[in-house]
Amino acid sequence: LDRTVISVAAPLLSKDLGLDAALMGIALSAFGWTYAAAQIPGGILLDRIGVRLTYFLSVTLWSLCTVATGLVTSLAALVGTRLALGVAEAPAFPSNSRVLSVWFPQHERARATGTYCVGQYFGLAFLSPVLFWISAEFGWRALFVLVGAVGVLFAFVWLALYRDPHS
């Protein structure tokens, strides 16, 4: 959701900030630069502090970056929040893999991974109309703030409820 919200907001955001397609391309790609670069450090963090805390920190920080994106007033600030989002979200993929490996036996992991991956896309498909409506009714800034706030709430629910099965 945090990655997709910028696609929903892009037409209004680019108009409001005066960004042409090339500048929006830079802003959109900034996430990928740091997301890729931070995958290995994110995995190292996961190995050191565990999935419960790593995922909590990752979701909280990426959600705060999402909120901050709703506050930007320039290309530099937009690129900065997108770079930070990539760093903050990078530990999530290794965390997801760890959760699958500790909760599912070897012979069920492929199905669990497939279900998890397809769930992301179904969720976005069903939420996209809602996101467009929020953006149209309340503006692109409210969209980022709302999505970020939901993410922070989810992070605290995760921290309160998640335990490894062997804990």
Nearest heavy-atom pair of Ala27 and Leu78: which atoms, and what distance? CB-CD2, 3.5 Å
Kindly assign one of parallel, tilted or perpendicular to the pair Phe154 and Tyr55, based on the angle between their ring planes and the thresholds 30° and 60°. perpendicular
Does some side-chain heavy atom of Leu75 sit less than 4.5 Å from a side-chain heavy atom of Leu17? no
Between side-chain atoms of residues 7-15 and protein atoms elsewhere (two or more places apart, or another chain), which donor-acceptor pairs fall under 3.5 Å?
residue	atom	partner	partner atom	Å
Ser14	OG	Ala10	O	2.8
Ser14	OG	Pro11	O	3.2

Residue pair Met24 / Asp20, side-chain heavy-atom distance below 4.5 Å: no
Which pair of heavy atoms, one from Arg109 and one from Ser101, lies closest together, and at what distance? NH2-O, 2.9 Å
Least distance between heavy atoms, Ser58 atom then Ala88 atom: OG-O, 2.5 Å
For Phe93 and Gln39, which heavy atoms make the closest approach, and how far apart are they? CB-OE1, 4.0 Å
Which distance, rounded to the nearest 0.5 Å, do you find between the OG1 of Thr115 and the CD of Glu108? 10.5 Å
Output for pair (Thr4 OG1, Tyr121 OH), nearest 0.5 Å, gives 8.5 Å
Hey, quick one: are Leu45 and Ile40 part of the same hydrophobic cluster, counting side-chain heavy atoms closer than 4.5 Å, chains of contacts allowed? no
For Ser95 and Thr54, work out which heavy atoms get closest and say how close. OG-CG2, 3.6 Å
Answer yes if Ile26 and Val87 sit in the same cluster of Ile, Leu, Val, Met, Phe, Trp and Tyr residues linked by side chain heavy atoms under 4.5 Å apart, and no otherwise. no
Looking at every heavy atom in both Leu100 and Ala112, which two are closest together, and how far apart are they? CD2-CB, 3.6 Å
Interatomic spacing from CH2 in Trp140 to CG in Asp16 - rounded to 0.5 Å: 5.5 Å
Those residues that, when tested against Thr81, pass side chain to side chain donor-acceptor pair (under 3.5 Å) (two or more places apart): Thr69
Report whether Phe132 and Leu28 are members of the same hydrophobic cluster (ILVMFWY, side-chain heavy atoms less than 4.5 Å apart, transitive linking). yes
Partner set under salt bridge (Lys or Arg N to Asp or Glu O under 4.0 Å) for Arg52, not counting sequence neighbours: none
Start with the C-alpha gap between Val147 and Leu131, add the side-chain angles, then the distance that decides, and say whether side chain to side chain contact (heavy atoms under 4.5 Å, CB included) holds. CA-CA 9 Å; Val147 169; Leu131 298 176; 4.1 Å; yes
What pairs of residues pass the salt bridge (Lys or Arg N to Asp or Glu O under 4.0 Å) test when at least one of them lies in residues 114-131, not counting sequence neighbours? none
Close side-chain approach of Pro91 to Leu46, heavy-atom, < 4.5 Å: no
Quick one: pull up CZ in Phe144 and OG in Ser63 and give me the separation to the nearest 0.5 Å. 12.5 Å
Val72 with Trp62, same ILVMFWY side-chain cluster at under 4.5 Å: no
Which residues pass the side chain to side chain donor-acceptor pair (under 3.5 Å) test with Arg98, sequence neighbours left out? Asp47
Apart from Leu71 itself, what residues make up its hydrophobic cluster when side-chain heavy atoms of I, L, V, M, F, W and Y under 4.5 Å apart count as a link, directly or indirectly? none
Side chain to side chain donor-acceptor pair (under 3.5 Å): pairs with one or both residues in residues 128-138, sequence neighbours excluded: none
Linking directly or through intermediates, with side-chain heavy atoms under 4.5 Å: list the remaining ILVMFWY members grouped with Val157, chain and number order. Leu161
Give me the other members of the hydrophobic cluster that Val145 sits in, counting Ile, Leu, Val, Met, Phe, Trp and Tyr linked by side-chain heavy atoms under 4.5 Å, directly or via other members. Val67
Can you list everything that forms a ring pair (Phe, Tyr, Trp, His ring centres under 6.0 Å) with Phe156? Sequence neighbours excluded, please. Phe56
Side chain proximity check, Phe31 to Leu83, heavy atoms < 4.5 angstrom: no
Can you tell if the side chain of Leu146 reaches within under 4.5 Å of the side chain of Phe138, non-hydrogen atoms only? no
Which hydrophobic side chains are connected to Phe126, either touching it within the sub-4.5 Å cutoff or through other members that do? Val118, Phe122
Transitively linked via ILVMFWY side-chain contacts under 4.5 Å: Ile44 with Leu57? no
Find the distance between CG (Leu61) and CG (Leu85) and round it off to the nearest 0.5 Å. 10.5 Å
Which residues share a side chain to side chain donor-acceptor pair (under 3.5 Å) with Trp103, sequence neighbours left out: Tyr162
